[in-house]
**Q** 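Can you keep this structure in mind? I'll have questions shortly.
Letters A, B, ... mirror the listed sequences (proteins, then strands); counts begin at 1. Quick caveat, the model's predicted, so the values are computed rather than measured.
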Amino acid sequence: MSRATTTPSDRDDCDARVPLPPAFFARPVLEVAPDLLGCVFLFGGAGGRLVEVEAYRSDDPASHSYRGPTARNAVMFGPPGHLYVYFTMGRHFCCNIVCQPQGQGAAVLLRALEPDAGLALMTVRRGTADPRQLCSGPARLTQALAIAREQDGLALGSGGLAILSRPGLTARDVEEPAAWSRGAPLIATTPRIGISRAQEKPWRFVDVGSPFLSRRLPAASRSR
DNA sequence: GACTTGATCCCG
DNA sequence: GGGATCAAGTCC
């Protein structure tokens, strides 16, 4: 994250992270979601390592896309690799990455990340210096990174928005689908948070070892 | 448990 | 068209 310079010899840097290609997000959302854990999410110079996400798709009663396209969820039905940002509960924004081929209405909700880049900025925006309170929760995360209505529909790789691979991949490695699951942290699946329908689906994915989750793991969670 | 806004629902 | 409903959350 914090390399000051880049030289040809950095090819062997084992901490190297490179942008995920569009094809990464065109896959089934239940595959994309766990593969995002350990990747780095950045917007405007702030962000860090993703540790908690949830999957949503259009055959899923808990998803905004369940009843088809509307003005609010239009981006979910657009091309993969774009942000779907929605306003909720009268005061908060939540941020998703659109997945699967265009028109399918699937997305991954970003629920927590481990703060790394732009700590000073995030501290001011959140009004706390406690790293555990910066990005541990979907609306906390958007507040810390200053993601709001204006970012709805923003494409990865533009406007200061990026998702970088897990460490150790070259730009060439990351084009190969076999590399997308490499270097995964220990992952648990649990029911999703805060929904009233389809509560049985274990479509929340968390990095078991992270102290930056929005909630503690339930005892019944299962690791893979 | 309160808060606070707006998209969506459903009746008329 | 218009009022009722309630939400992928956070904080006190």
**Q** Once you round it to whole Å, what is the distance between C1' of C/dC11 and CZ of A/Arg215?
**A**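 Whole-Å distance recorded here is 13 Å.
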**Q** By the 4.0 Å heavy-atom rule, please label A/Ala62 as base, sugar-phosphate, or nothing.
**A** base
**Q** From CZ of A/Arg67 over to C1' of B/dC10, roughly how many Å is that when rounded to an integer?
**A**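 In whole Å, B/dC10 C1' lies 12 Å from A/Arg67 CZ.
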**Q** Should A/Arg91 be listed as having a side-chain N or O under 4.0 Å from OP1 or OP2 of B/dA2?
**A** no
**Q** Report the distance from atom NZ of A/Lys201 to atom P of C/dA8, rounded to the nearest whole Å.
**A** 16 Å
**Q** Let me see the working for A/Tyr84 and A/Asn73 under side chain to side chain contact (heavy atoms under 4.5 Å, CB included), right down to the final yes or no.
**A** CA-CA 8 Å; A/Tyr84 165 51; A/Asn73 67 18; 3.9 Å; yes
**Q** With a 4.5 Å limit on heavy-atom distance, are the side chains of A/Arg166 and A/Pro185 in contact?
**A** yes
**Q** Over how many whole Å does the gap from A/Phe93 atom CZ to C/dA7 atom C1' extend?
**A** 14 Å
**Q** A/Glu200 CD to C/dA8 C1': how many Å, rounded?
**A**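 It is 15 Å, rounded to the nearest whole Å.
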**Q** Rounding to an integer number of Å, can you tell me how far A/Gln143 CD sits from C/dG9 C1'?
**A** 11 Å
**Q** Send over the distance from A/Asn96 CG to C/dA8 C1', rounded to a whole Å.
**A** 8 Å
**Q** Less than 4.0 angstrom between a side-chain N/O of A/Arg72 and OP1 or OP2 of B/dC9, yes or no?
**A**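 Indeed not, no polar side-chain atom of A/Arg72 lies that close.
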**Q** Applying side-chain contact (heavy atoms from CB on, under 4.5 Å) between A/Val53 and each of A/Leu109, A/Asn96, A/Leu37, report the one that passes.
**A**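 Exactly one pass, corresponding to A/Leu37.
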**Q** Would you kindly compare A/Ser65 and A/Arg140 by the position of their nearest DNA chain C nucleotide and give the one closer to the 5′ end?
**A** A/Ser65
**Q** Does A/Arg49 form a salt bridge (charged side-chain N to carboxylate O under 4.0 Å, His left out) with A/Asp207? I'd like the steps, not just the answer.
**A** CA-CA 10 Å; A/Arg49 195 173 153 278; A/Asp207 175 345; 2.7 Å; yes
**Q** Before we go on, tell me: are the rings of A/Tyr86 and A/His64 under 6.0 Å apart, centre to centre?
**A** yes
**Q** Check this for me: does any side-chain nitrogen of one of A/Arg57 and A/Asp59 sit under 4.0 Å from a carboxylate oxygen of the other?
**A**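 A salt bridge links A/Arg57 with A/Asp59.
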**Q** Any side-chain N or O of A/Arg204 under 4.0 Å from OP1/OP2 of C/dA8?
**A**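 Checking A/Arg204 against C/dA8: no side-chain N or O falls below 4.0 Å of OP1 or OP2.
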**Q** For the P atoms, the ones on B/dC10 and on C/dA8, what distance do you get once it is rounded to whole angstrom?
**A**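 After rounding to an integer number of Å, I get 16 Å for this pair.
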**Q** Look at A/Arg111 and C/dG9 and indicate whether a side-chain polar atom (N or O) is within less than 4.0 Å of OP1 or OP2.
**A**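 For A/Arg111, the contact criterion (side-chain N or O under 4.0 Å from OP1 or OP2 of C/dG9) is met.
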**Q** Please determine whether any donor N or O and acceptor N or O are separated by less than 3.5 Å between the side chain of A/Tyr86 and the base of C/dA8.
**A** yes
**Q** Choose from C/dA8, C/dC11, C/dA7 the nucleotide whose nearest atom is closest to any side-chain atom of A/Met89.
**A**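 Given the options C/dA8, C/dC11, C/dA7, the side chain of A/Met89 is closest to C/dA7.
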**Q** Can A/Phe87 be said to stack with the base of B/dG6, given centres closer than 5.5 angstrom and planes under 30 degrees apart?
**A** no
**Q** Send over the distance from A/Glu52 CD to C/dA8 P, rounded to a whole Å.
**A**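 The distance from CD of A/Glu52 to P of C/dA8 comes to 16 Å, rounded to the nearest Å.
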**Q** Is A/His92 near enough to C/dT10 that one of its side-chain N or O atoms lies under 4.0 angstrom from OP1 or OP2?
**A**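 False: A/His92 side-chain N/O out of range (4.0 Å or more) of C/dT10 OP1/OP2.
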**Q** So if I take every side-chain heavy atom of A/Ile195 and compare against B/dT4, C/dT10, C/dA8, which nucleotide ends up nearest?
**A**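 Nucleotide nearest to A/Ile195's side chain: C/dA8.
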**Q** Should C/dA8 form a Watson-Crick or G-U wobble pair with both distances under 3.5 Å, which nucleotide is its partner?
**A** none
